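For reference, positions follow the sequence shown, starting with 1. Counting convention: from 1, in listed order, for ligands and their atoms alike. Keep in mind that this is a model prediction, so the values were computed, not measured.
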Amino acid sequence: MKLEQRYEGKAKRVYATADPHEYVVEYKDDATAFNGVKKAQVAGKGEINNAITAHLYPLLERAGIPTHFLERLSDREQRVRAVEIIPVEVIVRNVAAGSFCKRLGLEEGTELARPVVEYCYKSDALGDPLINTDTAVALGWATEEELTRIRELALKVRDFLTPYFEARGIRLIDFKLEFGRTHDGQVVLADEISPDTCRFWDAATGEKLDKDRFRRDLGGVEDAYAEMLRRVTALA
Ligand code: C5P
């Protein structure tokens, strides 16, 4: 099924298949933070992130968000639509945390009166710098129309996921999305949605159940990821 490797990122490898319009994505246990400066293996992470993404993407499809996801193939692998990744990372924030607090001098947990959508240039070498949509258009990374669609889809993802997690005792603080273009020019949600790419706080205790446990040396990384898989797949 898997042919030559097309791309290796920090957490995943992407392979070509016999079908030019499909790829296989393989999730790794590698954890990195601060643009790859901090590295470790987190046992079971690849399987958990694969399972969480494979659970959520079909639900998002049903909510009207086109995605690259086709099928989970194994513990670590999924079959996806081949896309060209648009090099703009889209961050959606419900509550102030992380770099938003650092940049603006806010306390983590500060409520936001409305969701905030931010854009970063996907570049490890530059540390994914914050950009605006004019920059993305001026440098040819996406068209104005694509960026309008991306913002609309990102907010739709937020509108689906926020109550979904709330029903499972989780506050969705913020998350990062990536979008791709299919061969026929459709913009679809790509990449993953997992504790690597979201901030999840336990609604009752405030405990962090995401990659901040790794970034901030809080311990219990594996347990937090396993707990998130349980919550995501719980019927509630
Ligand atoms: O660090 P920052 O506060 O900007 O992160 C916002 C959200 O985006 C967090 O959920 C974080 O996990 C995610 N993120 C990501 N990949 C990056 C940067 C941020 O998944 N390169």
Asker: Quick one: does E178 get within less than 4.0 Å of ligand 1, heavy atoms only?
Answerer: no
Asker: Can you tell me which residue pairs pass the ring pair (Phe, Tyr, Trp, His ring centres under 6.0 Å) test with a partner in residues 44-100, sequence neighbours excluded?
Answerer: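 Pairs touching residues 44-100 that pass the test: Y57-H68.
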Asker: Nearest to atom 18 (C) of ligand 1, what protein heavy atom do you find, and at what distance?
Answerer: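 Here the closest protein heavy atom is E89 OE1, 4.2 Å.
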Asker: Taking 4.0 Å as the limit for heavy-atom contacts, which would you say applies to R93 with ligand 1: side chain only, backbone only, both, or neither?
Answerer: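 Just the side chain.
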Asker: Within the side chain of D128, is there an N or O that forms a donor-acceptor pair under 3.5 Å with the backbone of S123?
Answerer: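 Yes.
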Asker: Is it the case that the side chain of R6 and the backbone of A16 share a donor-acceptor pair, with hydrogens and angles ignored and the cut-off at 3.5 Å?
Answerer: no
Asker: What is the closest protein heavy atom to atom 10 (O) of ligand 1, and at what distance does it sit?
Answerer: D174 OD1, 2.6 Å
Asker: Under a 4.0 Å N-O cut-off, is there an ion pair linking R72 with E77?
Answerer: no
Asker: Where is the nearest protein heavy atom to atom 6 (C) of ligand 1: which residue, which atom, and how far?
Answerer: R199 NH1, 3.5 Å
Asker: Treating D29 as the side-chain partner and Q41 as the backbone partner, does any N or O pair qualify as donor plus acceptor under 3.5 Å?
Answerer: no
Asker: Is the closest heavy-atom distance from D196 to ligand 1 below 4.0 Å?
Answerer: yes
Asker: Give the single entry among L172, D128, D191, L177 that approaches atom 21 (N) of ligand 1 most closely by any heavy atom.
Answerer: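 Nearest option to atom 21 (N) of ligand 1, by heavy atoms: D128.
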Asker: Just by distance, with hydrogens left out, do N49 and D196 show a side-chain donor and acceptor under 3.5 Å apart?
Answerer: yes
Asker: Who gets closest to atom 15 (C) of ligand 1 by heavy atom: K102, E192, K176?
Answerer: K176
Asker: Does any donor atom in the side chain of E22 or T17 lie under 3.5 Å from an acceptor atom in the other side chain?
Answerer: no
Asker: Of all the non-hydrogen atoms in the protein, which one sits nearest to atom 4 (O) of ligand 1, and at what distance?
Answerer: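 I find the closest protein heavy atom is S99 OG, 2.5 Å.
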Asker: Looking at R171 and D202, is any side-chain nitrogen of the basic one under 4.0 Å from a carboxylate oxygen of the acidic one?
Answerer: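 A salt bridge is absent here (no side-chain N lies under 4.0 Å from a carboxylate O).
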Asker: Find all atoms of ligand 1 within a distance of less than 4.0 Å from any non-hydrogen atom belonging to A97, and give their numbers and elements.
Answerer: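 Selected atoms, number and element: 3 (O).
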Asker: In Å and rounded to the nearest 0.5 Å, what is the CD1 to CG distance from I65 to L189?
Answerer: 7.5 Å
Asker: So which bit of I91 gets within less than 4.0 Å of ligand 1, heavy atoms only: side chain, backbone, both or neither?
Answerer: side chain
Asker: G98 heavy atoms, cut-off 4.0 Å: which ligand 1 atoms fall inside?
Answerer: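 Contacts of ligand 1 toward G98, numbered from 1: 3 (O).
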Asker: For ligand 1, which part of C120 has a heavy atom less than 4.0 Å away: the side chain, the backbone, both, or neither?
Answerer: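 C120 to ligand 1: no contact under 4.0 Å from either part.
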Asker: For atom 11 (C) of ligand 1, what is the closest protein heavy atom, and at what distance to 0.1 Å?
Answerer: R215 NH2, 3.5 Å
